[in-house]
Amino acid sequence: DHLTVIGGRFEANSGDGLRLLNIEGAVLNQTAFNLNHGSGLMLDNADGVHLEQASFTSNTVHGLHVEGSGQLLLRDSELAGNGEFGVVINHSSRSAIRDNRVHHNGGAGTPSGGIWILGNSTDNVLQANLIESHSDPQGAGVWIYGPSSSNLLFGNTFRSNQTGVR
């Protein structure tokens with residue numbers, strides 16, 4: 001199940017840049033997910049994935065989409081200019097999103113923003129992130145949509161968003 005990618009580039013693919021399905025313990029460092037026509041990286045039923053020093057920029061949908069997964073670590077990365085959200089955490093738990101720069105995500109006419117936590121996602125931690133410039137009328141730095149619970153946000157900076165946390 002283990003996969004290690006160091007210095008990889010997933011760019012301009014017609015769907016997602018990389019889709020990891022039913023995997024455990026993947027490590028991706030210094031990896032770029034840019035200009036893909038789906039999400040930059042899709043994690044589906046993937047547990048214990050560690051991402052550090054990654055870039056998720058200018059993807060048509062989301063930078064990072066986490067679905068039915070747990071124990072993700074996203075650290076020291078940039079998520080910018082993606083069509084809808086920088087990060088989506090759906091039906092996922094025990095993820096840590098730390099020390100990232102999340103900015104300028106979203107487009108006109110759709111709910112959009114920095115980070116979206118939804119679908120009964122629990123026990124996720126957002127810590128020490130810079131979340132800024134999500135100014136679309138339906139945009140927010142962070143969206144938390146029920147029935148998600150027990151998620152913790154601390155030490156984050158919310159700047160120049162339509163709404164900081166919704």
Side-chain angles (χ1 to χ4, degrees), residues 4-11 16-20 25-36 38-43 46-67 69-90 92-107 111-118 121-136 139-145 148 150-166:
T4 300
V5 176
I6 299 173
R9 300 185 72 76
F10 299 87
E11 297 182 332
D16 297 330
L18 176 62
R19 180 178 288 245
L20 297 179
V27 175
L28 297 99
N29 287 334
Q30 301 171 349
T31 305
F33 304 90
N34 306 319
L35 300 165
N36 296 292
S39 293
L41 173 60
M42 171 68 171
L43 301 177
D47 290 327
V49 175
H50 288 209
L51 292 149
E52 295 197 45
Q53 298 177 347
S55 68
F56 301 84
T57 61
S58 302
N59 296 291
T60 301
V61 185
H62 310 302
L64 172 60
H65 187 165
V66 182
E67 189 80 32
S69 301
Q71 298 178 326
L72 164 75
L73 171 63
L74 174 64
R75 195 171 138 246
D76 193 25
S77 296
E78 181 175 29
L79 302 104
N82 298 292
E84 294 180 20
F85 284 89
V87 178
V88 172
I89 299 174
N90 188 20
S92 299
S93 61
R94 299 177 319 279
S95 291
I97 312 295
R98 293 190 170 113
D99 301 310
N100 300 290
R101 297 159 313 283
V102 185
H103 59 96
H104 295 95
N105 295 289
S112 62
I115 301 170
W116 189 15
I117 300 174
L118 73 156
S121 294
T122 60
D123 301 313
N124 296 291
V125 176
L126 278 62
Q127 177 186 5
N129 298 290
L130 172 60
I131 303 169
E132 67 178 335
S133 299
H134 300 100
S135 58
D136 185 88
V142 172
W143 283 64
I144 300 176
Y145 190 77
S148 296
S150 300
N151 295 292
L152 176 63
L153 285 69
F154 70 99
N156 299 288
T157 299
F158 298 93
R159 182 170 52 213
S160 301
N161 298 294
Q162 178 68 21
T163 303
V165 178
R166 177 178 291 184

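None of the values given here were measured: they were computed from a predicted structure.
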Heavy-atom pair with the smallest gap, counting every atom of Ile89 and Ser121: O-OG, 3.3 Å

Heavy-atom side-chain contact between Thr157 and Asn129 under 4.5 Å: no

4.5 Å side-chain heavy-atom contact, Val102 and His134: yes

Over all atoms of both residues, closest heavy-atom pair of Ser112 and Asp136: OG-CB, 3.8 Å

Backbone of Asp16 reached by a side-chain donor or acceptor of Asn36 within 3.5 Å: no

Distance-only polar pair, side chains of His65 and Glu67, donor-acceptor under 3.5 Å: yes

Val142 and Leu126: CA distance, side-chain angles, deciding distance, side-chain contact (heavy atoms from CB on, under 4.5 Å) verdict: CA-CA 10 Å; Val142 172; Leu126 278 62; 3.9 Å; yes

Side chain Ser77, main chain Glu52, donor-acceptor under 3.5 Å: no

Residues Asn59, Ser39; criterion side-chain contact (heavy atoms from CB on, under 4.5 Å); working and verdict: CA-CA 6 Å; Asn59 296 291; Ser39 293; 5.8 Å; no

Set of side chain to side chain contact (heavy atoms under 4.5 Å, CB included) partners for Ser160, sequence neighbours left out: Ser133

Contact check, side chains of Ile115 and Ile131, non-hydrogen atoms, under 4.5 Å: yes

Candidate list Thr4, Val49, Val5, test side-chain contact (heavy atoms from CB on, under 4.5 Å), partner Val27, passing option: Thr4

Side chains of Val66 and Asn90 in contact at under 4.5 Å (non-hydrogen atoms): no

Distance in Å, Ile117 CD1 paired with Ile144 CD1, rounded so as to fall on 0.5 Å steps: 5.0 Å

Arg94: side chain to side chain donor-acceptor pair (under 3.5 Å) partners, not counting sequence neighbours: none

Whether over 12 other heavy atoms sit under 6.0 Å from Arg166 CZ: yes

Contacts of type side chain to side chain donor-acceptor pair (under 3.5 Å), residue Asn151, not counting sequence neighbours: Asn124

Asn82-His62 side chain donor-acceptor pair, cut-off 3.5 Å: no

Side-chain donor-acceptor contact under 3.5 Å, Asp47 with Gln71: no

Any Leu18 side-chain heavy atom under 4.5 Å of Leu28 side chain: yes

Chi angles and distances behind the side-chain contact (heavy atoms from CB on, under 4.5 Å) call for Val165, Phe158: CA-CA 8 Å; Val165 178; Phe158 298 93; 3.6 Å; yes

Considering all heavy atoms, the nearest Asn105-Gly113 contact: CB-O, 3.3 Å

Ile6/Thr31 under side-chain contact (heavy atoms from CB on, under 4.5 Å): CA gap, chis, key distance, verdict: CA-CA 6 Å; Ile6 299 173; Thr31 305; over 6 Å; no

Option passing side-chain contact (heavy atoms from CB on, under 4.5 Å) with Leu51 (candidates Leu64, Asn29, Leu73, Asn100): Leu64

Any donor-acceptor N or O pair under 3.5 Å, side chains His103, Glu78: yes

Side-chain ion pair, Asp76 and Arg98, N-O less than 4.0 Å: no

Side-chain donor-acceptor contact under 3.5 Å, Asn34 with Thr57: yes

Contact check, side chains of Val125 and Ile97, non-hydrogen atoms, under 4.5 Å: no

Trp143 and Pro111, any side-chain heavy atoms less than 4.5 Å apart: yes

Test ring pair (Phe, Tyr, Trp, His ring centres under 6.0 Å) applied to Phe85 and Tyr145, Trp116, Phe56, the passing residue: Trp116

Positive for side-chain hydrogen bond (donor to acceptor under 3.5 Å, both in side chains) with Glu132, one of His104, Arg101, Arg159: Arg159

